[in-house]
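Report on the structure given below.
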Amino acid sequence: MNEIKVKVFNNLTRSKEEFKSVVPGEVRFYSCGPTTYDFLHVGNARALVVGDLIHRTFKALGYKVIFTRNFTDVDDKIIDKAKQNGVDALVHSAKFVDECIEDTKSLNMLPPTHTPKVSDTMKEIIEFVEELIAKGYAYEKEGEVLYHVPKFESYGKLSKKDLKSLEHGIRVEVDGHKLHPSDFVLWKPAKEGEPAWDSPWGKGRPGWHIECSAMARKFMGKTIDIHHGGVDLQFPHHENEIAQSEAANGQEFSRYWCHNEFLNFGKEKMSKSLGNVITIRQFVQNYGGAILRQVLASVHYRSTMDWSQEVIERGMNDLERIHTFIKSYQELKKTPSNEAANSEHLAEVLKVIPQMKEELANDFNTPGALSHFFGIIRFLNREYLGEGREKKALSLELIKAIDELLSFVSLATGLVYDDPAPILEKINSARKNFSTAEGKGGKLSDDEITKLISERTEARKTKNWGRADEIRKIFAEAGIELKDNPDGTVTWKWK
C-alpha cells in the first residue's frame with residue numbers, strides 16, 4: 001500500500017517535497033470551508049473542488065483520510081446579512097450551511113470526515129484562547145482578547161512577510177487596545193443584537209482565525225499533515241493559524257500547506273450566456289454540476305483559471321467524450337467474447353491506472369491523470385467502440401480491466417457517473433441554454449426539430465437536395481448540429 005511516493009508543493013518552503021504523514025498510511029487533512037452568509041459563487045467552488053480532489057487522490061492512492069472542512073457560521077458578514085433580512089444571525093447561517101451542503105452534493109463531492117461549525121465548537125475555542133493567555137501569547141483588554149504577534153518569533157514564515165514590513169504604514173492609534181499594530185483579535189466583546197457566548201472575558205464571540213486552529217486540533221490533533229485553502233487565505237488567515245496553533249501546542253501545526261490559485265472573472269468580456277451566471281446554484285440549474293466539476297478539474301490547482309465561455313464549452317465537450325464512451329461501452333459489454341483478450345490491447349488498458357496514479361501523486365495533477373484517461377478512450381473507440389465502424393466484441397478480461405479503470409477514475413476524480421444518459425441529456429440541455437441566450441436556440445421547439453428532421457430525411461430520399469440544404473441551414477442558424485449516421489438515422493445536438 002502507498003508504494004507510490006507522493007510529492008506536494010509545500011508553500012511553507014516554496015518547493016515540491018516528498019509527502020510524509022505523521023501516521024504512516026494516514027492523512028490528516030484540513031481545508032478551510034465557506035462562510036455561510038449567502039449562496040456560494042463559482043470562485044468558492046474552485047476551492048471546494050480542489051479540496052475534494054486532494055481528498056480523493058489520497059483515497060485512490062490507498063491512504064486512510066481524515067478530512068475536516070469547517071463551516072464559519074459566526075462572522076461579521078453573516079450578522080450584516082441577517083440584519084438586512086431581519087432574522088437571527090444563527091438562523092440565517094444555518095440556512096446557508098444547508099444550501100452549501102446541497103451545492104457540494106451537486107458537484108459530486110465526497111463527504112468530509114468532519115464538518116464542524118464555529119457555533120458548535122465554542123468550548124474548544126474558549127479553551128484555546130485561555131491557553132494562549134496562560135502562555136503569554138495573548139492578552140485581554142476590556143473584554144477583548146488579542147494575540148501578541150511579536151511574541152511568536154517565526155511569524156511570517158508561511159507568507160514570507162517580516163514583522164517590520166507589516167508594521168510599515170499601520171497606525172497604532174487605529175485600535176488603542178493593541179500593544180502592537182499587527183496584533184489580531186481572538187475574542188471580541190458582545191454587541192447588542194449579535195450572537196454571543198459566555199467566556200472568562202465576558203459575553204462575546206471569537207475572531208475569525210482562532211476557529212480553524214481549535215477545530216483542527218479537536219478533530220485531528222496538534223499536528224496535521226496538510227492544510228489547504230485559497231491563495232487569498234495564505235495571509236493573514238493561515239499565518240495567524242500557525243502562530244496560534246504552534247504557540248498553544250508547542251509543536252508544528254501543519255507539515256504541508258497547499259493553496260489553490262484564483263478563478264478569474266472578466267479577463268475577457270463574458271458572453272450573454274454566462275455573464276450573469278455567478279453562483280454555484282445558478283450554474284448547476286442552467287448547465288449542471290457535472291459540467292462545473294469537469295471545468296474546475298481541468299486546470300491544475302496551482303494555476304490561475306480564467307472563467308470564459310470557451311472554458312465552459314471545453315468542459316462540456318470533455319464530459320461528453322467520457323460519457324459517450326461509457327454509454328457505448330455499457331452496451332458492448334452486454335455481449336462479451338469468450339475468446340482471450342488481445343494481449344497488446346489489454347496491456348494498453350492495464351497501464352492506465354499506474355500512469356494516472358503517478359500523475360496524481362505528482363502534486364495532485366488531476367489534469368495530467370485525465371490526459372491518460374482520454375488517451376485510452378481514444379484507443380478503445382478506435383479499436384472497439386468507434387462510430388462508423390463494425391464494433392468488435394470485448395473479451396471478459398478486457399471488460400474487467402475497463403471496469404476497474406472506470407471505478408478508479410470515478411474515485412480519483414468524481415468525473416465518472418454510472419448512468420451516462422442523464423449526463424448526456426444535461427449537456428445537450430446546457431448547449432441549448434447557451435444557444436438560447438445567444439438568441440438562437442429559442443427559435444425551434446423539440447417538436448419542430450423532430451418534424452424538420454423527418455422532412456429533411458424525406459427530401460434526401462427524393463433527392464430534393466435544395467430543400468435538404470435549406471433545412472440544414474435552419475438548424476445551423478438555430479445552433480443545432482445534425483449528424484447523419486451510417487445506419488440511416490439522424491441524431492442532433494445543440495452546438
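Summarising the geometry, atom CG belonging to Asn249 is positioned 5.0 Å from atom CZ belonging to Arg217; distances are rounded to the nearest 0.5 Å.
Side-chain atoms of Leu406 and Tyr329, non-hydrogen and from C-beta on, do get closer than 4.5 Å to each other. Between Leu292 and Leu107 the shortest side-chain heavy-atom distance falls below 4.5 Å. A heavy-atom distance below 4.5 Å is found between the side chains of Phe408 and Lys357. Gln355 is listed as a side-chain neighbour of Val352, based on a closest heavy-atom distance under 4.5 Å. The side-chain heavy atoms of Glu261 and Arg46, taken from C-beta on, include a pair separated by under 4.5 Å. Glu99 is listed as a side-chain neighbour of Arg281, based on a closest heavy-atom distance under 4.5 Å. Contact of the Glu320 side chain with the His323 side chain is not registered, since no non-hydrogen atoms from C-beta on lie closer than 4.5 Å. Using a 4.5 Å heavy-atom threshold, the side chains of Asp76 and Lys188 count as touching.
When all heavy atoms are compared, the tightest approach of Ser119 to Trp197 is CB-CZ2, 4.2 Å. Of all heavy-atom pairs between Phe325 and Ile402, the closest is CZ-CG2, 4.4 Å. For the pair Pro116 and Thr121, the tightest heavy-atom approach, listed with the atom from each and the gap, is CB-OG1, 4.2 Å. Residues Trp187 and Met122 approach most closely at CZ3-SD, 4.0 Å, considering heavy atoms. In this structure, Ile66 and Met220 approach most closely via the heavy-atom pair O-SD, 3.5 Å. The two residues Lys160 and Leu12 have their closest heavy-atom pair at NZ-O, 2.5 Å.
At distances below 3.5 Å, at least one donor-acceptor pair connects side-chain atoms of Ser21 with backbone N or O atoms of Glu26. Looking only at distances, a side-chain donor or acceptor of Arg56 sits under 3.5 Å from a matching main-chain atom of Leu411. Between the Asp73 side chain and the Ser93 main chain, no donor and acceptor come within less than 3.5 Å of each other. Arg255 places a side-chain N or O within 3.5 Å of a backbone atom of Lys20 that can act as its donor or acceptor partner. Under a 3.5 Å cut-off, the side chain of Arg431 and the backbone N or O of Lys426 do not form any donor-acceptor pair. A donor-acceptor contact shorter than 3.5 Å links the side chain of Ser308 to the backbone of Val311. Distance alone, capped at 3.5 Å, is enough to place a donor-acceptor pair between the Ser371 side chain and the Gly368 backbone. Between the Arg28 side chain and the Thr68 main chain, no donor and acceptor come within less than 3.5 Å of each other. With hydrogens and angles disregarded, no donor-acceptor distance shorter than 3.5 Å links the side chain of Asn108 to the backbone of Leu415. Judged by distance alone, the side chain of Asp52 and the main-chain N or O of Leu110 form a donor-acceptor pair under 3.5 Å.
More than 12 heavy atoms of other residues, nucleotides or ligands sit less than 6.0 Å from atom NZ of Lys157. For Gln251, the CD atom counts as densely surrounded, since its 6.0 Å shell holds more than 12 non-hydrogen atoms of other residues, nucleotides or ligands. Other residues, nucleotides and ligands contribute only 12 or fewer heavy atoms inside 6.0 Å of the NZ atom of Lys105. Residue Lys135 places its NZ atom among more than 12 non-hydrogen atoms of other residues, nucleotides or ligands, all under 6.0 Å distant. Counting heavy atoms of neighbouring residues, nucleotides and ligands inside a 6.0 Å radius, atom NZ of Lys400 does not exceed 12 of them.
Side-chain atoms of Ser213 and Ser245 include a donor-acceptor pair closer than 3.5 Å. Inspection of the Asn264 and Thr304 side chains reveals no N or O donor paired with an N or O acceptor under 3.5 Å. In the model, Asn260 has a side-chain atom that pairs as donor or acceptor with a side-chain atom of His228 under 3.5 Å.
Under 4.0 Å is where a charged nitrogen must lie from a carboxylate oxygen, and between Lys161 and Glu239 no such pair does. Comment: Asp98 does not engage Lys95 in a salt bridge, judged by the lack of any side-chain N to carboxylate O separation of less than 4.0 angstrom.
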Val74 vs Leu90, side chain to side chain contact (heavy atoms under 4.5 Å, CB included): CA-CA, chis, key distance, verdict: CA-CA 7 Å; Val74 179; Leu90 291 178; 4.1 Å; yes
For Phe96 and Asp103, what are the C-alpha separation, side-chain angles and deciding distance, and is it a side chain to side chain contact (heavy atoms under 4.5 Å, CB included)? CA-CA 10 Å; Phe96 284 102; Asp103 285 341; over 6 Å; no
Under the side chain to side chain contact (heavy atoms under 4.5 Å, CB included) criterion, do Gln244 and Phe152 qualify, and how do the steps go? CA-CA 9 Å; Gln244 295 162 164; Phe152 188 70; over 6 Å; no
Ring pair (Phe, Tyr, Trp, His ring centres under 6.0 Å), that's the test. Do Phe58 and Phe364 meet it? Break it down for me. CA-CA 9 Å; Phe58 279 117; Phe364 316 114; 5.5 Å; yes
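Of the candidates Arg302, Lys16, Lys7, Arg302 is the only one forming a salt bridge (charged side-chain N to carboxylate O under 4.0 Å, His left out) with Asp363. Screening His259, His209, His227 for a ring-ring contact (aromatic ring centres under 6.0 Å, His included) involving His237 leaves a single residue, His209.
Aromatic ring pairs are classed by plane angle as parallel below 30°, tilted from 30° to 60° and perpendicular above 60°; the pair His238 and Trp257 is tilted. Using the six-membered ring where Trp is involved, Tyr256 and Phe19 have ring planes that are tilted, between 30° and 60° apart.
A cation-pi arrangement is found for Lys151 relative to Tyr137, the charged atom lying closer than 6.0 Å to the ring centre and inside a 45° cone about the ring normal.
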